[in-house]
Trainee: 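Before I ask anything, let me first share the structure, which is written out below as structure tokens.
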Amino acid sequence: MAARGFLQIAPGRRLALNGVEWTVEDVHGQLGRLVLVDDDGRAETRSFRWLINHADLRLLRTVEARRPSSAARQPRTLADLTKDQLERARLRAAHVLEVETGFREGHPTRALPGEPRSAYDPDRTTLTQRRYAKAAEIEAMPRPEAIRCGLQHLSYRTLVRLSGLAGDSLLMACADGRWTRRRSGHRSITKEVREAIFAVKAECGERARVSLAARHRLMHQYMSERFPTFPTEKIPSRWTFAAVWEEWFGPGGARPRYGRTAEAAAEAGVSGRMVVHRPGQVLVLDSTPMPVKLRETVFGDAITATLTLALDLYTHGLPAFRLTLQSDTSVDIAMLLRDVMLPLPMRDGWGEDMEWPYAGVPADVIAEFTGHKVAALPFFAPETVTTDHGGPYKNHDLVEAEREIGCRILPARVLRQTDKYAVERQFHTIQTMLFEHLLGFTGGDVADRGADPERDASLTLTQAEHVIATWIVQIWQNRKLGEYAPSWAPGEDHSPNTLFVAAMEQGGFDLDFPEPGFYYKVLRKHHVKIHPRRGVKILGLWYHHPVLDEPRFLQPSSRGGKHAGQWVVRSDRRDRRQTFFQDPTDHETWHILRWRGLPPEGEVPAFSDKTANDLLSHVKANRIRIHSESELLEHLLEILGSVTPVDQWPSQAKKRAGKKQRVTQAREITRAQAAAADRVTAPASAAEPAPAELPAAWAEHARTIDRAVDADRRRRREEALADTKPVAPATLHEALNRRPMFRLPPPDSSEAETTGREEDA
């Protein structure tokens with residue numbers, strides 16, 4: 001605190017100068033100066049004399065809970081001083097301690113040679129005498145030496161003010177306030193310039209990288225358009241602009257794409273890395289087109305498949321994978337998570353070296369639980385799933401499936417491949433160790449493709465899936481880890497399997513198999529009402545089962561909440577021929593609701609949700625009035641492929657159909673086969689017919705459509721003739737007795753009789 005005449009000056013005092021309100025932030029009594037800060041954060045250093053003699057000075061009422069100024073700073077520490085400044089502060093403190101105690105180190109046990117001096121002996125002098133003696137000593141010191149040591153202002157009053165201080169507090173009090181003076185900032189940065197700089201920052205965040213000079217010109221443009229009266233000469237120079245930009249926003253060395261991602265992640269609160277220390281803690285999922293051309297059948301067309309991997313981040317093992325002919329869907333990803341939790345059965349051609357080793361649980365115990373021999377591939381319940389932002393991974397059905405499993409979802413940051421670097425690297429590893437050795441390999445780039453990889457393709461989808469599974473179980477799971485080896489076992493050789501064994505020996509093993517009804521619980525849910533004798537309507541198609549005609553289902557459901565009175569029916573988008581209804585009595589029985597357009601006998605080729613949407617769009621576009629679901633079957637078979645003309649016979653279908661259509665049909669078949677394989681372990685009612693095995697060849701598929709069309713026409717013809725009684729044709733004797741044999745009939749009657757015979761024929 002300092003006083004000049006009537007004016008009492010202290011930090012926090014509010015003043016008004018020329019109509020502008022200021023706050024006293026700091027007072028330097030030795031220098032006779034003080035720091036004033038206005039409400040916009042602009043700081044100015046003024047002397048007491050200037051303030052006292054100001055013509056328009058008014059004292060404002062001091063408010064205790066005032067708004068903290070933007071110019072406030074943290075307390076000063078010794079770390080803010082340089083080495084030379086710290087030595088000079090210690091020299092000053094030594095003079096103060098000599099006055100207080102008679103010893104420059106502050107205690108008799110640390111006395112220097114010749115201490116205490118006679119003028120500072122605490123046994124012979126008083127404190128006041130020592131203070132006057134020190135003041136006289138400093139005054140007699142040569143002026144350059146006193147200035148160099150900073151002792152020219154060490155007077156009697158200063159020694160009184162510094163009394164009672166010790167340690168770091170004394171050193172900070174002896175340090176010159178100018179050494180750690182508050183930064184005054186850039187006076188040219190007014191509120192208009194500040195607004196322009198932040199506007200340029202927001203604009204450059206969405207643009208490509210521009211130079212500092214371009215950003216400076218953008219600031220000039222903003223100032224000229226938004227503040228036309230602002231003087232141009234007061235706009236900060238390029239170098240001031242560069243200094244302010246670095247102070248406020250940092251050096252800005254990140255790439256613009258990554259910088260935008262980092263800002264978005266910071267706003268969302270996503271930062272840092274997770275330390276993985278057990279199997280299943282983090283499971284990384286990703287999909288990529290398989291760089292090997294496959295064939296839909298042995299003699300089919302070459303197609304491209306999608307490979308989806310699940311990688312355990314701790315062991316870098318591959319507990320599950322999926323190979324599909326189309327882009328993976330949310331159902332495929334949910335089934336992949338189920339495969340991670342299930343042991344892999346032994347396959348034909350796998351030897352004893354690929355069987356389950358002792359990894360926390362003996363092989364006999366695992367085989368007893370599963371009912372078959374288990375391959376040497378770890379299985380566990382995932383705790384956290386990391387994915388990218390692809391459509392199937394953000395699907396709400398997959399999110400609900402992950403919640404059903406009990407795992408957390410940790411999406412990777414946008415455009416940050418480092419968040420799932422391990423699985424990205426794994427795709428390249430599989431390519432170099434396996435895919436490059438297979439026929440039909442397309443290479444990593446269009447320029448690296450072979451002359452005709454489609455011609456070289458020889459593996460079918462089933463064969464490729466078997467090759468990948470064999471490579472994972474036999475080679476990858478037993479391969480020595482390089483840079484991914486655990487840090488807690490230096491010098492030891494670990495593979496994904498041995499690392500899993502070591503983790504299980506430390507933390508144990510939990511046999512947590514998914515229940516048989518897990519397949520149905522991850523399917524898409526529909527909240528519908530049950531209509532008497534019609535069933536339920538799911539996405540434009542009607543489905544029915546005799547169990548729905550029971551009286552207990554003819555009334556609204558007892559469900560409350562948002563979908564009060566409605567029943568839950570689940571559908572698999574890969575096969576729209578049936579939906580699934582959970583019995584509310586035991587919650588274990590699932591009833592298969594067949595599409596009402598399916599014939600009671602025979603099998604109709606599978607069709608997915610895309611074909612169903614095409615069917616409904618075709619009916620709506622042609623304004624076809626449908627009175628029953630069986631009428632939709634005719635239009636569905638037309639879409640799948642008619643076989644009435646000669647060029648549409650099964651033998652000519654492959655010649656007529658284009659490659660795109662053949663691949664589409666192959667995808668439909670593969671989807672249905674995958675859906676049927678996923679629900680193999682689920683309990684089914686004996687009264688419900690199981691779907692027949694679908695043919696894979698195009699010609700066989702066309703013959704299936706041919707049989708379905710014939711069956712549909714036969715059924716409709718029988719329904720049309722059900723109410724008419726057949727009349728037996730007249731015999732020859734009855735025809736001769738009906739009229740004289742030699743009488744010529746009239747012309748009209750002859751023509752009518754001839755027409756009648758033609759109609760009978």
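What you see is a predicted model; the values in this text were computed from it and never measured. These values consider heavy atoms only, across backbone and side chains, with no hydrogens, waters or symmetry-generated copies.
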Trainee: When rounded to the nearest 0.5 angstrom, what is the spacing between CZ in Arg534 and CZ in Arg596?
Mentor: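 Result: 7.5 Å between the selected atoms.
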Trainee: Could you grab the distance from atom CE of Met290 to atom CZ of Phe435, nearest 0.5 Å is fine?
Mentor: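 Going from the CE atom of Met290 to the CZ atom of Phe435 covers 4.0 Å.
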Trainee: His544 versus Asp549: any side-chain heavy-atom pair under 4.5 Å?
Mentor: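 Yes, at least one pair of side-chain atoms sits under 4.5 Å.
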Trainee: Is Ile538 close to Leu593 at the side-chain level, that is, under 4.5 Å between some pair of heavy atoms?
Mentor: no
Trainee: Do Glu383 and Arg278 have side-chain heavy atoms sitting under 4.5 Å apart?
Mentor: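 Sidechains of Arg278 and Glu383: in contact.
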Trainee: Under a plain distance cut-off of 3.5 Å, with no hydrogens placed, do Arg295 and Thr460 share a side-chain donor-acceptor pair?
Mentor: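 On atom types as modelled, these side chains do not qualify, holding no pair under 3.5 Å.
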Trainee: Should the ring pair His591 and His545 be called parallel, tilted or perpendicular, given that the plane angle runs from 0 to 90° and is split at 30 and 60?
Mentor: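 It falls in the tilted class, 30° to 60°.
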Trainee: Could you tell me if the side chain of Tyr543 sits less than 4.5 Å from the side chain of Leu548, heavy atoms only?
Mentor: no
Trainee: What pair of heavy atoms forms the shortest contact from Pro382 to Met341, and how long is it?
Mentor: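 Scanning both residues, the minimum pair turns out to be CD-CG, 3.9 Å.
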Trainee: Can you check whether Leu539 reaches Arg524 side chain to side chain, under 4.5 Å on heavy atoms?
Mentor: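 They are in side-chain contact.
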Trainee: Mark yes when over 12 heavy atoms from residues, nucleotides or ligands other than Arg403 sit less than 6.0 Å from its CZ; otherwise mark no.
Mentor: no
Trainee: Show the nearest heavy-atom pair for residues His527 and Gln566, with the distance to one decimal.
Mentor: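 Scanning both residues completely, I find the closest heavy atoms to be CB-OE1, 3.1 Å.
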Trainee: Drop me the distance from Tyr393's OH to Glu402's CD, to the nearest 0.5 angstrom.
Mentor: 10.5 Å
Trainee: Apply side-chain contact (heavy atoms from CB on, under 4.5 Å) to residues Val536 and Ile530 and explain how you reach the verdict.
Mentor: CA-CA 5 Å; Val536 295; Ile530 299 178; 3.8 Å; yes
Trainee: Say you draw a straight line from CG of Leu283 to OG1 of Thr387; how long is it, rounded to the nearest 0.5 Å?
Mentor: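 Answer rounded to 0.5 Å: 10.5 Å.
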Trainee: Considering non-hydrogen atoms only, spot the tightest contact between Trp567 and Pro584 and give its length.
Mentor: CZ3-CG, 3.9 Å
Trainee: Evaluate Tyr519 against Phe580 for side-chain contact (heavy atoms from CB on, under 4.5 Å), listing each step before the verdict.
Mentor: CA-CA 11 Å; Tyr519 163 77; Phe580 309 97; 4.0 Å; yes
Trainee: Give me the atom names and distance for the closest heavy-atom approach of Leu294 to Ala305.
Mentor: CD1-CB, 3.8 Å
Trainee: Using the side chain to side chain contact (heavy atoms under 4.5 Å, CB included) rule, pick out the option among Pro378, Cys407, Pro319 that qualifies with Val340.
Mentor: Pro319
Trainee: Relative to each other, are the rings of Phe379 and Trp356 parallel, tilted or perpendicular (30° and 60° limits)?
Mentor: tilted
Trainee: With no hydrogens and no angle check, is any side-chain donor or acceptor of Arg570 less than 3.5 Å from a backbone partner on Lys521?
Mentor: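 At least one qualifying donor-acceptor pair exists.
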Trainee: After noting the C-alpha distance and the side-chain angles of Arg552 and Val547, does the key distance pass the side-chain contact (heavy atoms from CB on, under 4.5 Å) rule?
Mentor: CA-CA 9 Å; Arg552 55 175 177 161; Val547 72; 4.0 Å; yes
Trainee: List the atom of Phe581, the atom of Val568, and the distance in Å for their closest heavy-atom pair.
Mentor: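 Of all heavy-atom pairs spanning Phe581 and Val568, the closest is CD1-O, 3.6 Å.
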Trainee: Would a 4.5 Å heavy-atom cut-off, applied to side chains only, mark Thr386 and Val423 as touching?
Mentor: no
Trainee: Do Ile405 and Val385 have side chains that get closer than 4.5 Å, going by heavy atoms?
Mentor: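 SC-SC contact between Ile405 and Val385 ruled out.
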Trainee: Please tell me if the side chains of Asp332 and Arg574 come closer than 4.5 Å, counting only heavy atoms from C-beta onward.
Mentor: yes
Trainee: State, to 0.1 Å, how close Lys293 and Ala302 come at their nearest heavy-atom pair, and which atoms those are.
Mentor: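 Closest approach of Lys293 to Ala302: CB-CB, 4.5 Å.
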Trainee: Quick check against the 3.5 Å criterion: does Thr442 have a side-chain atom that pairs as donor or acceptor with the backbone of Pro291?
Mentor: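 Answer holds: yes.
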Trainee: CG of Asp339 to OG1 of Thr308: how many Å apart, nearest 0.5 Å?
Mentor: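 Rounded to the nearest 0.5 Å, the CG-OG1 separation comes out at 11.0 Å.
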Trainee: Test side-chain contact (heavy atoms from CB on, under 4.5 Å) on Trp350 and Val473; report intermediate values, then the result.
Mentor: CA-CA 10 Å; Trp350 289 3; Val473 176; 4.1 Å; yes
Trainee: Going from CD1 on Ile472 to CG on Leu309, what distance comes out if it is rounded to the nearest 0.5 angstrom?
Mentor: 6.5 Å
Trainee: Does the pair Phe380 and Tyr314 meet the rule for a ring-ring contact (aromatic ring centres under 6.0 Å, His included), with working shown?
Mentor: CA-CA 12 Å; Phe380 45 79; Tyr314 179 76; over 10 Å; no
